[in-house]
2 protein chains.
Amino acid sequence: MTEKEKLTEDKIAEAAREVFIEKGMAGARMQEIADRAGINKSLLHYYFRSKEKLFNFIFSKIIDRVGIMFQNIMQEGVSIEDKLKGFVSTYIDVLMKNPFLPNFIFNELTRNPEAIFDHYKNANIEPSKFFKPLENQLAAEKYNINPQDFMINVISMVIFPIAAKPIIKQIVFEGDEKAYKAFMQLRKESIVKFVLSALEGYKE
Amino acid sequence: MTEKEKLTEDKIAEAAREVFIEKGMAGARMQEIADRAGINKSLLHYYFRSKEKLFNFIFSKIIDRVGIMFQNIMQEGVSIEDKLKGFVSTYIDVLMKNPFLPNFIFNELTRNPEAIFDHYKNANIEPSKFFKPLENQLAAEKYNINPQDFMINVISMVIFPIAAKPIIKQIVFEGDEKAYKAFMQLRKESIVKFVLSALEGYKE
DNA sequence: GTAGGGTTTAACCAAGTGGTTAATGCAAAT
DNA sequence: ATTTGCATTAACCACTTGGTTAAACCCTAC
């Protein structure tokens, strides 16, 4: 029955996603994925022939989702300020729920950089699609700042504190999880304020 | 002879550092470390009893170095502007030479967060030592910004683009290594400008 | 019911892993 | 020259790893 099949495949995909993100490709164990999916290890190989195939399947799906989400936020035909607010808020929420995601993506892409290149051929994601509009918009609103710098600054301030969570939590908040979380929530506003304040200095 | 011993131990440490940083604890192979050090695998266990011991030794040294470097920059009794310039420039230089370092630290600390806590007991590094001064300094110079946000924003903008190198290089610069490197060099100035511009908005 | 085909499993395998051991090399001290 | 003690190595080991195989287990169709 294709119903049952889908169920099993989904259980595997979900378990694999968890384990790969937590442990990375090298640290992940097929046995652990099978256990978390509640199935026999052989079934993994029945549905996905090898660890590498399974990994690529999961990784591609993740990259796609991230790319599309990014594209959506960037394409809204709204002001820079609203784009900024939307991006910061949405991404902090998503990443707080998936705190291992940034490291995972960094790692696996560092391990095998061609993966992006190979992948973006098939996907309908085109960086220039959201990059050019931002460039035009900055120019239109008379902000004389390099759009690449601008964008990377914003993304940095959102993603870094999540990738570096253990360090920040320990060193800045003495291990207090709640304090860290509260801080990250406040950052939704503080980042926007910081960036808008910076932008003022670039007004022509 | 203690001379020769030091040499071997150093060769091991250097090779181990390379491999651990590139592949992480899980991905590193004792055989590869031995090969890169040009010695027999048994010698690794002769000098450092286990993979874990070797890893902890290397990891501690790295954390110490990073912490001390950070402390030094932050303790200089100079203006915020000069501190900022020093930090950005020094860290970009160091990290461009060690591009795997951020990911490595993120990963291993995520894997075992207690490591920081356990480690900072022995080390003479005290976060408040460089954190309080910055707080006072921001207040003294009449900048009404949360020092935690300020510091994390700056660090983010420096470290993130190195951790995310493969993504940025591919998506922003279409795989052009030189363009990426040039961009990172320019960031030494652009980050400072951006932050100083932002700070203006916080002046009381 | 039973034949057939996809699904699931237990048992197994070869390769690779960190780690041990016993022997060898080698330089200084006697 | 012989002994002594550390440095180094080859051979080996137990265990884990991803992956295979053949049998068991369902369902559905006849």
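Predicted model only: the values in this text are computed from it and were never measured.
- The phosphate of D/dT8 (OP1 or OP2) has a side-chain N or O of B/Thr8 nearer than 4.0 angstrom.
- Not one side-chain nitrogen or oxygen of A/Ser42 sits closer than 4.0 Å to the OP1 or OP2 atom of C/dA10.
- Between A/Lys85 and A/Glu81 there is a salt bridge, with a side-chain nitrogen of the basic residue lying less than 4.0 Å from a carboxylate oxygen of the acidic one.
- Considering only side-chain N and O atoms, A/Tyr46 lies under 4.0 angstrom from the phosphate OP1 or OP2 of C/dT7.
- Listed pair B/Arg49 / C/dG19 fails the phosphate criterion, with no side-chain N or O lying under 4.0 Å from OP1 or OP2.
- If you take CG of B/Leu44 and C1' of D/dA10, they are 15 Å apart, rounded to a whole angstrom.
- For B/Lys41, counting side-chain heavy atoms from C-beta on, the closest listed nucleotide (C/dG19, D/dG19, D/dA7) is C/dG19.
- Residues A/Gln31 and A/Asp35 bring a donor and an acceptor atom of their side chains to less than 3.5 Å of each other.
- Rounded to an integer number of Å, the gap from A/Asn40 CG to D/dA24 P is 15 Å.
- The cationic atom of A/Arg111 (NZ for Lys, CZ for Arg) does not lie both less than 6.0 Å from the six-membered ring centre of A/Phe59 and within 45° of the ring axis.
- Atom pair B/Glu32:CD and C/dG16:P shows a separation of 14 Å (rounding to whole Å applied).
- Look at CE on B/Met30: it is 16 Å from C1' on D/dT16, rounded to the nearest Å.
- Following rounding to the nearest Å, A/Ile39 (CD1) and D/dC25 (C1') show an atom-to-atom distance of 16 Å.
- If you measure from atom NE2 of A/His45 to atom P of D/dG19, you get 4 Å, rounded to the nearest angstrom.
- Contact annotation: B/Arg29 does not reach the phosphate of C/dG16 (side-chain N/O to OP1 or OP2, under 4.0 Å).
- With D/dG18, C/dG18, C/dT8 as the choices, the nucleotide that has an atom nearest any side-chain atom of A/Leu43 turns out to be C/dT8.
- The closest donor-acceptor contact from the side chain of A/Ser156 to the backbone of A/Ile152 lies under 3.5 Å.
- Side-chain N or O atoms of A/Gln148 include none that pairs as donor or acceptor with a backbone N or O of B/Phe183 at under 3.5 Å.
- Look at OH on B/Tyr47: it is 9 Å from C1' on D/dC6, rounded to the nearest Å.
- Side chain A/Lys51 to base D/dG19: no donor-acceptor pair is found below 3.5 Å.
- A/Ala28 comes within 4.0 angstrom of the backbone, heavy atoms only, and of no base.
- Rounded to an integer number of Å, the gap from CD of A/Gln31 to P of C/dT9 is 12 Å.
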